[in-house]
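Right, one structure below, let's go through it.
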Amino acid sequence: MSVRTLSINGQQVSAPAEATVLEAARDAGITIPTLCHLDGLSDVGACRLCLVEITGSNKLQPACHTRVAEGMEVQTETPRLQQYRRMVVELLFAERNHVCAVCVANGHCELQNLARALGMYHVRFDYLSPTCAVDITHSRFGIDHNRCVLCARCVRACDEVEGVHTWDIAGRGVASRVISDLDQPWGESTSCTACGKCVLACPTGAIFRRGVTVGEMERDSAKIRFIVEARNQRW
Amino acid sequence: MQRARLATIWLGGCSGCHMSLLDMDEWLFELAQHVEVVYSPLVDIKEYPDGVDIALVEGAIANEDHLHLIRQARERTRTLIAFGDCAVTGNVTALRNLFGTPDDLLRKVYAAGAPDGPVPREAGVVPVLTQTVTPVHAVVPVEHYLPGCPPDAGAIRAAISEALQVSAIETQRK
């Protein structure tokens, strides 16, 4: 295993050559906020929360999707990054109808936790207040598009871990929606195995178990990583 | 010791935040030694007074009366605190934004089962609805944000204590 040595926030860090900046930072005890990243799933660099500054590059790079390199100098907490991250979370709140007070995930929500961690006390942008559907045609689960942040963790969990790919994303930009099969009601999906991995993967109250009410939707998203690692074990 | 002038304002909200304020129980007696309540739905004062030190604003901006009151309050208050989720985000009050214009909304509420039924439009009787419901900071600058639906009594107590300390320092400087 070849090793790369780099610095993160001035701290000297060693990491395997194939590691990402995010992995190297975590191993060194440095927290970089993430949302679309979930241990056990591939990375897509979609949410832009893990953006970092790398000396010699004008572009901000997603830590989850950037390989470590010898002599790399990484900054994870500059005022510019903090400002952008806060703005990203504000825009996520403004884009759909995240009404925490009546949400099943209130108090157990990664978006809420991010807002708190980044000091986002209010949204400076106009709320878009889009019309979003709630699909409870499935016998065990429901999907509320009002709460969806388009992280695509459900899409990847279904495709990569369950091997089904019931979920995908249709549309462009703010009109994007997570869809099941050929954009039909979830309950009519013939591919869905009702395994519940999308429920585990969802960071907000968008995908939930039917029957839960305000604040009751707790889940252990680390189970996705557990499943993936258990499969790779050979006895 | 001069007591700080405290106001509480009730805009487009359910009054739950004011209920939570009363949940501070016996600390209200201590609070009464440090503040004079100069305007509130809990006291019988009709006109928002001048020279208010701290105002807790519950509720979102949903109609013309709210707009008028919050602008008046902004002019006459040193520290505005957005008090609870409706004031901070629009929250449940802003759910009406999903139903389109105020006219669409009134039709939905009053004439959904009777398509030709009357929709109340008596000018000067009930306040005219704003086009959209917005958080308070979308209309006037706000100094502090106190989230929660409602914020719990402990959080309100902490916010008021902090604001009173800052207010005392600012009063001394004057």
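Every chain is numbered from 1 and lettered A, B, ... according to where its sequence line falls, protein lines coming before strand lines.
Without hydrogens or angle criteria, A:H122 side chain to B:V142 main chain gives no donor-acceptor distance under 3.5 Å.
Annotation for A:F125: atom CZ counts as buried by contact number, over 12 foreign heavy atoms lying within 6.0 Å. More than 12 heavy atoms of other residues, nucleotides or ligands lie within 6.0 Å of CG in B:D103, so this atom counts as buried by the packing criterion. Heavy atoms from other residues, nucleotides or ligands lying under 6.0 Å from CG of B:L22 number more than 12. Other residues, nucleotides and ligands place more than 12 heavy atoms under 6.0 Å from the CD atom of A:Q184. The number of heavy atoms from other shown groups lying within 6.0 Å of CZ (A:R210) is above 12.
Residues A:A101 and B:D85 approach most closely at CB-OD2, 4.2 Å, considering heavy atoms. Nearest approach of B:N97 to A:S129, heavy atoms of both residues: CB-OG, 3.7 Å.
Note that OG1 of A:T131 is 6.5 Å distant from CG of B:L98, once rounded to the nearest 0.5 Å.
Heavy atoms of B:N91 lying under 4.5 Å from chain A belong to its backbone as well as its side chain. Interface residue A:V102: only side-chain heavy atoms are found under 4.5 Å from chain B. Interface remark: B:P150 contributes no atoms to any contact with chain A (heavy atom separation under 4.5 Å). Contact annotation for B:L95: only side-chain heavy atoms (C-beta onward) come within less than 4.5 Å of a heavy atom of chain A.
B:T89 is not listed as a side-chain neighbour of A:F93, based on a closest heavy-atom distance of 4.5 Å or more.
Below 4.5 Å, heavy atoms of chain A meet no heavy atom from residues 55-73 of chain B. Proximity to chain B at a heavy-atom threshold of 4.5 Å picks out nothing from residues 132-150 of chain A.
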